[in-house]
Amino acid sequence: MIEEFKQWYDDRHGYAKEWKKNNLDGKVVGYFCTYVPEEILYAANCLPVRIIGGHEPPARATPHMFDMWCPFSRDCLSQGLAGNYDYLDGIMIAQSCLHVRQAFGAWQLQVPTPWSYYVCMPNAVTTSHAKKFLFGELAELKMAVEAWVGKKMTDADLDRGIDIMNTSRRLMKKVYEFRKEDNPPLTGTEAMTMVWASQLMDKREHNVVVEELLRDLPHRQLDREPGIRLMIVGSENDDRPFMEMVESIGATFVIDDHCTGSRYFWDEIATTGDRLQAIADRYCDRVPCPTKDFQQETWERKRFPHILTLAKEYRVQGVILVQQKFCDPHECDIPSLKRYLEGNGIPCYVLEFEVTVPVGQFRIRIEAFIEQLRADELFD
Amino acid sequence: MVTYKTKGLDCWKRAKELRDRYYKDYKESPSRGGLRWEGGAWSFDAIPQALEGEVHGLSEEPYGASIAHDPELQVRYQEAAEGKWGCARDLCSYMRAYWGSVALNEYAFGGPWPHADFIFQNQICCCHSKWLQVADEIDGGTTPYFCFDVGVGPYDKIGDRQIEYVVAQLYDGIAFIERVTGRRIVEEKLIQNVYNTYRSNCYWAKTCELNQAIPAPLDEKTMFSLYVLGTLEKSSQAIADFYEKELYPEIKDRVANKIAAVANEQCRVLGDSQPPWGFLRIYRYLEQYGIVSVANLYTFSLIGWMKVDNNGLLVPYPTLEEQGITIKDRDHALRLLVEGELKGKLMWAPFYGATYKNDLVTKIAKQWRCDAAIIHLNRGCEGTAQHQMQLKIALQEMGIPAMTFEGNMADEREFDEGRVMRLIELFVTETLGLKKIA
Amino acid sequence: MIVAGIDVGGKNVHVVILKDGARAAQGASATGIQKAQAAERLYEETLRKAGLKREEVGCVVATGSAGKRVAFADACIADAAADARGVNRLVPSARTVIDVGAEEGRAIKISPHGKILDFAINEKCAAGTGTFVEAMAIALEMSVEEMAAISLKSSTSIPMNAQCAVFGESEVVSLIHQNIEKQDIAKAVHDAIAGRIASVARIVGLEKDIVIIGGMAKNEGFIDSLRKEIAMDIPDDPDFVGALGAAEAAAKGLLEEKVAVKVVGQEIVEGGEAS
Amino acid sequence: MAEETKKEYWRWPESIWVNPGIDWEKGTIITAGVDVGSVSSQAVVLVDGELYAFSNTRTGSDSPDSARKALSIAVDETGLTVDNIDYCIGTGYGRVNVPMAQRTITEIACHARGANFMYGPEVRTVMDMGGQDCKAINCDDKGKVLNFMMNDKCAAGTGRGMEVFADLIRVPVWEIGPRSFQVKKEPPTISSTCVVFAKSEVVGLLEKGVPENDIMAAYCAAMAHRIMELLNRLGVHEKFVITGGIAKNEGVVKRLEKELGIKTADKIWYKHSYKDYPFDTQIAGALGAALFAGAMVSKGKVKSARKK
């Protein structure tokens with residue numbers, strides 16, 4: 001099953017093109033940020049696929065975004081300029097960081113796409129006003145999508161959309177449960193490959209395979225030493241070679257906080273009350289991206305205790321904080337997060353990511369970090 | 001070749017006084033039983049400044065910029081932020097300077113770091129909400145913090161829903177301020193502050209509009225020192241009066257008498273984003289070729305409120321007097337304040353897409369009669385550096401020669417002067433084909 | 001009418017002497033540390049080759065990163081300006097010029113008259129320069145020429161971070177440790193730089209015809225990699241184009257009236273000092 | 001970057017030392033550490049935990065050969081061979097290519113351990129500058145790494161940078177330190193961070209006729225500043241020591257001490273009985289590796305690989 005996830009991830013474009021063939025009335029929508037309410041797209045029989053990079057130097061993006069913009073956003077744009085997403089019927093973004101918004105803006109001008117939409121996702125998400133405001137945004141989005149696909153969305157459609165997303169969330173969370181075991185039946189790379197795939201394909205199809213996986217996991221045995229239990233935290237991360245490298249030198253990622261990982265699916269939508277309001281509430285209440293992680297009265301953040309709880313529940317021995325170069329929201333939080341976790345007795349190591357990862361240089365750092373965590377073996 | 005009359009600004013001294021007093025008042029406020037709050041150039045200072053008794057704010061961006069004018073200080077503060085606090089070197093350079101100032105417990109205008117009684121901030125770019133969140137954390141994490149969200153969409157999509165969302169937050173903000181300070185927000189003061197905010201922002205916009213004249217009465221280098229007052233305290237009576245009663249009339253008079261900012265003006269250029277503050281001599285170099293920087297979306301609308309009229313022209317946003325509006329009460333005041341900021345601050349539009357930046361700046365290029373554009377790819381501010389490369393393409397497509405150079409508004413370590421001067425020289429002598437005016 | 005152009009770059013000096021518009025002689029030598037002397041020496045030598053005396057030369061224009069050090073020049077023009085003039089003479093149809101030298105890679109968009117419309121230069125880091133290739137050649141323990149030659153034999157493509165020259169070296173060394181064929185590593189290096197240069201070139205829009213000049217234009221390994229991204233032509237003696245352009249400027253200066261050139265020269269020198 | 005020159009200005013002289021007071025054949029546990037760096041390699045042999053022999057030599061393009069060479073020249077005249085070694089640990093940049101090693105440990109752990117042995121248990125911060133990177137390490141009284149930091153993805157201010165520089169101005173690297181102080185006043189530092197651009201900046205200064213000593217001072221100051229930035233991020237605590245080649249360059253060390261306001265510990269063996277042994281800061285990594293190997297064998301954590 002993991003192999004299937006990997007194939008879907010590797011052949012994301014092939015998959016989407018195939019999907020269009022089989023869903024002639026459906027549209028494929030590329031989205032730039034996980035604040036985009038996929039529920040509404042599923043309700044309109046669209047396929048939401050997350051636009052991610054190709055981990056190649058984003059040479060094509062240079063004329064459109066100079067290089068102070070984060071590697072991920074430039075890589076995404078570069079993929080579009082290279083024509084790799086030529087099958088998209090539309091693109092969407094929900095207001096998040098300025099980097100990916102810039103990639104979206106350049107895309108609108110430089111990569112011909114029939115439909116594009118900007119959801120003005122509010123920032124003061126901890127306030128009731130934000131939920132009310134987002135409700136209005138979603139109502140407008142709903143109308144815009146209806147007009148685009150030429151079909152009204154019924155409550156039943158919305159329920160279907162919500163159910164598809166919630167099921168996916170519930171199932172993936174169950175898979176993550178297995179990572180709490182002393183010797184997890186799946187590696188961090190495998191677990192995240194599952195999540196990556198879920199962002200690139202029809203969740204209904206994905207859910208079926210996750211269910212199979214859940215049946216399989218109780219019996220699954222990995223022929224490897226789990227080693228040090230690590231958590232990986234950061235913004236977008238689909239860096240397979242890096243994660244494989246780390247898990248090949250005496251460690252296992254047992255949990256993460258990435259928008260390509262747990263942060264994406266952790267929270268479900270309550271299925272009571274007005275549907276759009278329920279969706280709005282979920283996106284305001286979800287584990288926040290640092291751009292939206294502030295609350296009134298105090299400087300404290302909402303995401304930090306969540307990360308600490310995960311670290312404890314999954315018995316994490318060390319945390320790797322991934323800092324995408326130029327990613328302001330996370331760069332603003334990382335010094336505080338590092339102090340917060342270390343203050344709670346969890347060692348951290350900060351790594352700065354570029355588009356292409358110099359595995360050699362990272363290896364020595366990670367090896368040394370792992371040695372630091374298991375220093376006792378060397379000393380007593 | 002024509003040479004115009006030129007002379008310095010009469011109100012220059014006054015502008016400097018107002019600025020100096022602002023930073024001094026902030027420092028001394030407690031000694032007079034006054035309160036202190038931290039916010040940003042875009043915070044709605046009309047609200048905290050309506051507190052009963054004496055109160056003074058510290059505006060984060062201009063404070064960072066003041067530090068940048070002294071490279072030695074700037075590097076010391078930023079290295080403290082990067083070293084002692086451990087933040088990334090590529091973050092907003094004002095913010096790093098500010099954090100370093102807190103980390104070293106130093107106030108750039110003398111003395112130890114002046115702790116604020118509360119924080120009243122707004123969120124529009126990724127760094128705003130974080131800026132004082134972290135600053136306070138470095139400072140011990142005891143300052144009550146309030147941050148309201150103004151990221152509700154571009155000027156042409158502002159309706160009741162958007163206004164309602166921000167107003168609702170402001171009510172919370174007022175309750176917050178009154179609770180943490182134990183003082184009331186005085187309605188009369190609030191109403192007056194909103195009138196003043198309109199006057200400051202609208203009259204700065206009117207002043208900028210006057211720069212469409214040939215010769216330009218103001219060059220950007222001078223404008224930098226003038227808009228700053230609005231980024232400090234646009235709601236203040238003295239500052240609103242300065243814009244309406246001193247600056248605007250004087251510039252009007254300069255236009256009438258063809259008094260130029262630069263005597264040998266013959267090539268009008270447009271800038272984008274903040275300049276590298278430590279290297280304003282670039283403008284002097286340009287003047288040797290008769291090049292004057294006359295327009296910049298940033299310089300205009302960082303505080304100046306403008307709107308696109310029915311003919312698609314960029315015009316100053318009308319004052320309340322011009323709209324014939326009298327503020328009835330607190331609620332009316334808050335709504336008008338929010339409406340003005342959301343509809344008038346065009347600077348925010350590019351946050352919602354490259355098309356906005358291109359549309360507004362190409363309008364500026366036409367209306368301010370610019371012959372070329374020199375775009376500072378500002379590694380120090382992601383907000384104002386939005387879509388700069390798209391802008392370059394858009395300007396070139398409309399036949400305006402454009403060059404870009406990489407720099408940083410407030411981190412001299414990221415500015416290679418020799419290299420940049422080479423590029424500018426190439427652009428000026430080869431692309432624009434200009435010769436130095438002896 | 002006899003004029004000379006002198007291009008003093010980071011690594012080499014080039015001199016071109018034009019007699020009534022035709023090349024009378026040209027020469028190249030290493031710059032070394034004392035660039036002014038190197039230029040002086042080469043100029044003398046090239047004059048001798050052409051059988052000319054100093055005073056016979058109507059106007060001398062210098063260019064290149066150290067062009068301003070040529071005291072005896074009547075004027076000094078920016079290297080991109082020299083590139084534009086030189087290419088415009090050799091390939092009038094050229095609209096985009098890519099110049100990759102020892103310490104800089106740049107792209108220039110030019111008008112049919114050789115006017116510079118737009119330009120872009122690789123920022124801050126040495127990746128994407130000839131020096132980067134040299135460093136890698138040393139790491140591979142072979143000459144730049146050998147490296148160029150063997151890279152052509154490679155058919156694989158290894159992604160490489162052309163970030164920092166020093167890390168480039170360590171990447172090369174670790175590839176060697178992984179027993180990867182030197183030819184494949186050589187190609188990886190050329191691909192990496194070609195990628196850098198291509199992205200600089202894209203900034204000015206890649207309007208046809210595209211011409212590449214500068215020392216790296218003679219490196220067939222690099223050219224092979226860059227051709228995969230950009231279709232371009234290479235003029236003869238691509239490393240002499242800067243000097244040729246300077247000579248062109250000298251000739252033009254003479255035709256107009258020399259003072260003009262002198263003034264231009266002083267302007268630029270002052271401009272340079274302003275920097 | 002380093003042009004091939006007959007004379008290798010950039011390289012620290014090689015060194016070999018064998019402890020005359022020890023007869024290895026009487027020893028019970030013999031362990032070795034081999035540190036293959038990007039520029040130089042070191043080998044250290046311990047007999048029952050005591051320093052027996054070490055070598056410090058250059059790294060060739062082939063790591064395994066460099067490792068073999070380092071170890072063989074260390075024990076050249078002693079008759080000791082790989083087969084007599086109970087356990088060998090490889091470390092450094094080329095650690096995975098140390099053929100005679102039974103396992104590898106990173107230079108971060110090894111330098112901390114080695115520094116602890118060389119300078120004593122009070123060492124709290126270790127700065128090791130290798131050719132490619134610069135590591136700041138905080139450790140406890142056992143030499144256990146508490147946390148560490150390495151320079152970002154740019155080689156500015158690494159040992160390699162200094163070598164390129166030495167080559168460029170044709171001054172042996174060991175003379176740069178002393179000469180960098182023979183200046184009337186501290187010149188402005190080299191601004192360019194990129195090694196290649198720093199190079200052209202230096203060429204520019206040479207052209208302008210700036211005295212070589214001033215340029216050396218400027219370069220040392222620039223490097224000291226880069227290191228200071230890294231150390232500040234980690235937090236420096238006394239006893240503070242510098243290992244690796246750069247430690248020998250007082251031009252950098254003295255300026256770094258000035259910037260930090262902290263002195264580096266004297267280069268004296270902590271063990272009094274070692275006071276006459278040569279003190280080579282470059283062997284810290286290999287020494288640490290050999291010490292780890294010794295501890296593992298004596299605690300029976302690993303079994304001896306000794307052949308005879």
Side-chain angles (χ1 to χ4, degrees), chain A residues 61-69 95-99 101-102 104-110 116 118 120-125 127-130 132-134 136-137 140 290-301 323 325-336 338-339 350 352, chain B residues 85-88 90-92 95 119 123-127 129-134 136-137 141 143-149 151-153 157 161-162 164-166 168-169 172-173 176 180 350-358 377-379 382-383 385-390 392-394 404 406:
Chain A
T62 314
H64 307 289
M65 286 171 85
F66 71 104
D67 63 11
M68 76 170 259
W69 303 97
Q95 179 158 287
S96 50
C97 72
L98 284 169
H99 296 261
R101 277 151 76 180
Q102 171 134 198
F104 180 78
W107 189 300
Q108 284 177 305
L109 291 178
Q110 305 296 340
S116 76
Y118 184 111
C120 199
M121 175 71 205
N123 295 310
V125 289
T127 65
S128 59
H129 317 302
K132 187 167 164 235
F133 178 76
L134 182 55
E137 281 295 311
E140 285 181 6
T291 45
K292 303 181 190 303
D293 196 359
F294 60 91
Q295 46 199 345
Q296 309 312 7
E297 312 285 313
T298 160
W299 53 274
E300 281 163 17
R301 301 163 185 77
Q323 177 176 300
K325 197 163 170 49
F326 303 114
C327 171
D328 309 69
H330 283 268
E331 286 178 346
C332 282
D333 273 4
I334 281 171
S336 313
K338 187 168 186 291
R339 283 174 173 77
V350 179
E352 186 178 79
Chain B
W85 178 248
C87 72
D90 50 58
L91 278 169
C92 167
M95 185 166 72
I119 289 162
Q123 166 77 343
I124 178 84
C125 93
C126 300
C127 292
S129 62
K130 298 278 148 194
W131 190 318
L132 297 175
Q133 200 177 33
V134 172
D136 180 45
E137 204 180 344
T143 318
Y145 169 99
F146 188 91
C147 179
F148 61 100
D149 177 17
V152 295
K157 295 199 166 55
R161 187 164 62 83
Q162 285 75 9
E164 189 44 52
Y165 171 49
V166 180
Q169 296 179 73
D172 293 355
F176 162 83
V180 300
F351 285 74
Y352 307 98
T355 45
Y356 285 101
K357 181 140 193 175
N358 291 354
L377 301 176
N378 183 358
R379 298 178 77 102
E382 46 162 18
Q386 282 275 303
H387 311 299
Q388 288 187 304
M389 295 304 276
Q390 297 308 309
K392 180 192 177 205
I393 296 167
T404 61
E406 275 199 33

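Below, chains carry the letters A, B, ... as their sequence lines are ordered, and counting in each starts from 1.
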Under 4.5 Å heavy-atom distance to chain A, tell me which part of B:Asn378 shows up: side chain, backbone, both or neither.
backbone
Are A:Pro335 and B:Glu137 close enough that some pair of their side-chain heavy atoms sits under 4.5 Å apart?
no
Under 4.5 Å from any heavy atom of chain A - which part of B:Ile119
neither
Mind listing the closest non-hydrogen atom pair of A:Ser336 and B:Trp85 along with its distance?
OG-CZ2, 3.5 Å
Counting C-beta onward and ignoring hydrogens, is there a side-chain heavy-atom pair between A:Glu140 and B:Lys157 closer than 4.5 Å?
no
Separation of A:His64 NE2 from B:His387 NE2 (nearest 0.5 Å):
13.5 Å
Backbone N or O of B:Tyr145 within a donor-acceptor pair of the A:Glu297 side chain at under 3.5 Å?
no
With only heavy atoms counted, which part of B:Glu164 is less than 4.5 Å from chain A, the side chain, the backbone, both or neither?
side chain
Rounded at 0.5 Å granularity, tell me how far OH in B:Tyr165 sits from NZ in A:Lys132.
11.5 Å
Which heavy atom of A:Cys332 sits nearest a heavy atom of B:Met95, and at what distance?
SG-CE, 3.5 Å
Donor-acceptor pair, B:Glu382 side chain versus A:His99 backbone, under 3.5 Å?
no
Could you measure the distance from the CZ atom of A:Phe294 to the CD atom of B:Gln123? Nearest 0.5 Å is fine.
5.0 Å
So, using salt bridge (Lys or Arg N to Asp or Glu O under 4.0 Å) as the criterion, who are the partners of B:Asp90 when residues are at least two apart?
A:Lys325
Considering only heavy atoms from C-beta outward, does the side chain of B:Gln133 approach that of A:Arg301 to under 4.5 Å?
yes
Side-chain (A:Arg101) to main-chain (B:Tyr352) donor-acceptor, under 3.5 angstrom:
no
Out of curiosity, B:Cys127 SG to A:Asp328 CG, how far, rounded to the nearest 0.5 Å?
4.5 Å
Expected output: side-chain B:Lys130 to main-chain A:His330 donor-acceptor under 3.5 Å
no
Rounded distance [0.5 Å steps], OG1 in B:Thr143 versus CH2 in A:Trp299
10.5 Å
Report which part of B:Tyr356 has an atom under 4.5 Å of a heavy atom belonging to chain A: side chain, backbone, both, or neither.
neither
CG-CD1 distance between A:Leu109 and B:Ile393, expressed to the nearest 0.5 angstrom
8.5 Å
Please name all residues satisfying side-chain contact (heavy atoms from CB on, under 4.5 Å) with B:Thr404, sequence neighbours left out, ordered by chain then number.
B:Ile375, B:Leu377, B:Met389, B:Lys392
Residue part contacting chain A, namely of B:Ala385, when any heavy atom lies under 4.5 Å
both
Mind listing the closest non-hydrogen atom pair of A:Phe133 and B:Arg161 along with its distance?
O-NH1, 2.9 Å
